[in-house]
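First up is the structure itself, then whatever we jot down about it.
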Amino acid sequence: MRGTHRMSNRWDAVVVGAGPAGSATALQLARAGARVLLLDRARFPRDKPCSEYLSPESTRVLERLGQNVLGAVAAASPARLTGMKVVAPSGAAVVGRFETFSYALPRTRFDAILRAAAEAAGAEVREGVKVEELIYERGAVAGVVARDTYRARVVVGADGLRSVVARRLGPVYALGPKRVAFAAHVADVPDVHKLGEMHVGRPGYVGLGPIGKGVTTVALVLPLAEARRGKRFFEELNRFPGVAGRFDATRIVRQVLATGPFARWSRRAVAAGGGALLVGDAADFFDPFTGQGIYSALRGAELATAAILTTLATGASLQPYARARRHEFTGKWLLERMIGIAVGWPALIERVVGRMIRRPELADLLVRATGNCVPARAALSPRVLAGLVL
Ligand SMILES: Cc1cc2nc3c(=O)[nH]c(=O)nc-3n(C[C@H](O)[C@H](O)[C@H](O)COP(=O)(O)OP(=O)(O)OC[C@H]3O[C@@H](n4cnc5c(N)ncnc54)[C@H](O)[C@@H]3O)c2cc1C
């Protein structure tokens, strides 16, 4: 705890990556009195290819992170989304409604708020520091190597999709289907309301929605092989019937950012010999269609914090964190993967959208389950699955 480590580069916890997972973990550890160093290779505000929608249940986690955090998000003029519209390749569309609403705002803003809150809680933040290696002592992770060496009782790998920490801890599995994404911000897009929109095409999909101040975020997700054909971004958008003609390339206000291929899964959320754990995309990322990544990062940070504080106080193993993740996320993982695979089958999406048009309560249920407002298992019952496809 704070004050127990006096040497300058010895910490209770070194957190690698100041995205939502890392900043939320650092904030909570520092608030509990731990001596925390938060490192990021980037300088903030930094951008991130994302559709920038915080699923409704994320609001609850932000509230628990502190009224200052939620207040700063609410004050950043975010859009408020009331549901999701899913559009099939034919143009058939259905809207599922949240019971509440979700915030959507640029990642430059959102991530900077969390990073600042971690610092205000007492974490020491260093930017422009790229972690390259882990240090081990008696088989356990004991720190990280960047320009300098930073020793810690616990290392938190929150360094995203291409996590160095995850790769050093053991194999990282790439799961199919291999997709890549291109994301941009465009102003004055017509017919953008208080909804996220997911347009499934042949092949790939487009996610779009308002992020406040008249700006729309738009992400094009394609199978890797299609992306290699190298068509232009706005040309590709026009392939989708519900998107065609809505985007004016001259109104782009942030350039196109690319990322992928995604669908990665680190087998070990906790280092075999102890001393390190993974949180956020570093631990697991499948596909952005359901927009659960930020919630998983924030909720994962809560689970990680609980385990780390116990370890710091008692020397107990970090393994309960791996169990807590399985307990918390297994249903979500299953639902997310089923949907992520289904969007590669346009005929199946056509069928599911057709069923949801006839039974709007199923659309609400699915959208609420992916928004983490109801447990994922509610959408995975045989009765619901049969209603969606038969
Ligand atoms: C196209 C697309 C759309 C998406 N849309 C949504 C959405 O609408 N809603 C949603 O909830 N999720 C969405 N996601 C997922 C979401 O972006 C991620 O799940 C989320 O950013 C994970 O947060 P994180 O903190 O784990 O990682 P990140 O946000 O990626 O942060 C990782 C940090 O680690 C730093 N870092 C990396 N390597 C090192 C290193 N070696 N040393 C030091 N620092 C390092 C990086 O600079 C970065 O700041 C989308 C993803 C994609 C690809």
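Heavy atoms only: backbone and side chains are in, while hydrogens, waters and symmetry mates are out.
We find the CZ-CG distance between Phe98 and Asn372 to be 10.0 Å, quoted to the nearest 0.5 Å. In this structure, Leu27 CG and Thr305 OG1 are separated by 8.5 Å, a value rounded to the nearest 0.5 Å. Note that CZ of Phe101 is 10.5 Å distant from CG of Leu54, once rounded to the nearest 0.5 Å. A distance of 10.5 Å separates CG in Leu114 from CZ in Arg109, rounded to the nearest 0.5 Å. From Leu298, atom CG reaches atom CD of Gln28 across 9.0 Å, with rounding to the nearest 0.5 Å.
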Check your understanding: Under the side chain to side chain donor-acceptor pair (under 3.5 Å) criterion, do Glu52 and Thr217 qualify, and how do the steps go?
Key -> CA-CA 7 Å; Glu52 296 161 307; Thr217 182; 2.8 Å; yes
Exercise for review: Begin from the C-alpha positions of Val186 and Val253 and carry the test side-chain contact (heavy atoms from CB on, under 4.5 Å) through to its verdict.
Suggested key: CA-CA 5 Å; Val186 186; Val253 292; 5.9 Å; no
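Between the side chains of Gln292 and Ser55, no donor-acceptor pair is found at a separation under 3.5 Å. His185 and Gln255 are not linked by any side-chain donor-acceptor pair at a separation below 3.5 angstrom, with hydrogens and angles left out of the test.
Side chains of Val218 and Phe233 form a contact here, defined as non-hydrogen atoms less than 4.5 Å apart.
A salt bridge links Arg115 with Glu119: at least one charged nitrogen is closer than 4.0 Å to a carboxylate oxygen. Between Asp111 and Arg46 there is a salt bridge, since at least one side-chain N of the basic residue sits less than 4.0 Å from a carboxylate O of the acidic one. Remark: Glu124 engages Arg126 in a salt bridge, criterion side-chain N to carboxylate O under 4.0 Å. Under the 4.0 Å criterion applied to side-chain N and carboxylate O atoms, Asp364 and Arg97 are not assigned as salt-bridge partners. With respect to Glu57 and Arg299, no salt bridge is recorded, no charged nitrogen being found less than 4.0 Å from a carboxylate O. Salt bridge absent: Arg325 and Glu328 never bring a charged side-chain N and a carboxylate O closer than 4.0 Å. Salt bridge status for Asp287 with Arg179: present, with a side-chain N to carboxylate O gap under 4.0 Å.
Criterion: ILVMFWY side-chain heavy atoms under 4.5 Å apart, direct or through other members. Under it, Leu318 and Ile135 are not part of a common hydrophobic cluster.
Within 6.0 Å of CZ on Arg268 lie no more than 12 heavy atoms contributed by other residues, nucleotides or ligands. More than 12 heavy-atom neighbours from other residues, nucleotides or ligands sit within 6.0 angstrom of CZ on Arg162.
Between Phe329 and Trp333, the two ring planes are tilted [angle within 30° to 60°]. Classified by interplanar angle (parallel below 30°, tilted 30° to 60°, perpendicular above 60°), the ring pair Phe262/Phe285 is perpendicular. Relative ring orientation between Phe289 and Tyr205 is described as perpendicular, the plane-to-plane angle rising above 60° on a 0-90° scale split at 30° and 60°.
Checked against Phe240 for a side chain to side chain contact (heavy atoms under 4.5 Å, CB included), the options Val206, Leu208, Val87 give a single hit: Val206. In summary, of the residues considered (Arg267, Arg264, Arg337), a salt bridge (Lys or Arg N to Asp or Glu O under 4.0 Å) with Asp284 occurs for Arg337 alone.
Looking at every heavy atom in both residues, Leu365 comes nearest to Ala378 through CD2-O, 3.7 Å. Between Val165 and Asp159 the shortest heavy-atom distance is N-OD2, 3.2 Å.
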